[in-house]
Participant: 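First the structure, which I've put down as structure tokens, then a few questions once you've had a look.
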Amino acid sequence: QVQLVESGGGLVQPGGSLRLSCAASGSIFSISSMGWYRQVPGKERELVATISRNGDTNYADSMKGRFTISRDNAKNTGYLQMNSLKPEDTAVYYCYLLTPTRCYWGQGTQVTVSS
């Protein structure tokens, strides 16, 4: 009965910033990792960033130095801070939560980078 609700997407100018949120609700007893993927029409999802249960982070090369993944355990919420956004960052962003038993997905939030 875990739900992930994403928010924070929208339209931004090139060079702008957005912070995506992924709020989890329900009974969560253990978390292996959480992270973000993104997808554009006609293409497979690509990994954006992950954070493990011990706090180790991993980013795709094109996101390093621009994106930061974090979490607030007290609020059961994960975040993706996106800076210096480029038009090629335009996509639907999906958060996921990996537990020992299954993987949960958010509904997706649209990020559009355009002048």
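These figures come from a predicted structure and were not determined experimentally. Along the sequence shown, residues are numbered consecutively beginning with 1.
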Participant: Among residues at least two apart in sequence or on other chains, which ones pass salt bridge (charged side-chain N to carboxylate O under 4.0 Å, His left out) with Asp56?
Facilitator: none
Participant: Among residues at least two apart in sequence or on other chains, which ones pass side chain to side chain donor-acceptor pair (under 3.5 Å) with Ser52?
Facilitator: Asn54
Participant: Tell me, please, which residues at least two apart from Lys64 pass salt bridge (charged side-chain N to carboxylate O under 4.0 Å, His left out).
Facilitator: Asp61
Participant: By ring pair (Phe, Tyr, Trp, His ring centres under 6.0 Å), which residues pair with Tyr96, not counting sequence neighbours?
Facilitator: Tyr37, Trp105
Participant: Which residues pass the side chain to side chain donor-acceptor pair (under 3.5 Å) test with Thr112, sequence neighbours left out?
Facilitator: Gln110
Participant: Could you give all pairs that pass the ring pair (Phe, Tyr, Trp, His ring centres under 6.0 Å) test and reach residues 69-94, with sequence neighbours left out?
Facilitator: none
Participant: By ring pair (Phe, Tyr, Trp, His ring centres under 6.0 Å), which residues pair with Phe67, not counting sequence neighbours?
Facilitator: none
Participant: For Thr57, what residues pass the side-chain contact (heavy atoms from CB on, under 4.5 Å) criterion, not counting sequence neighbours?
Facilitator: Ile51, Tyr59, Ile69
Participant: Using the test side chain to side chain donor-acceptor pair (under 3.5 Å), find all partners of Ser115 that sit at least two apart in sequence or belong to another chain.
Facilitator: none
Participant: Could you pull out all residues at least two apart from Ser32 that satisfy side chain to side chain donor-acceptor pair (under 3.5 Å)?
Facilitator: none
Participant: I need the full list of salt bridge (Lys or Arg N to Asp or Glu O under 4.0 Å) pairs touching residues 17-42, with sequence neighbours left out, sorted by first then second residue.
Facilitator: Arg38-Glu46, Arg38-Asp89
Participant: Under 3.5 Å, sequence neighbours excluded: what are the donor-acceptor pairs made by side chains of residues 2-17?
Facilitator:
from  : atom 1 : to     : atom 2 : distance (Å)
Glu6  : OE2    : Cys95  : N      : 2.9
Glu6  : OE2    : Gly108 : N      : 3.1
Ser17 : OG     : Asn83  : OD1    : 2.9

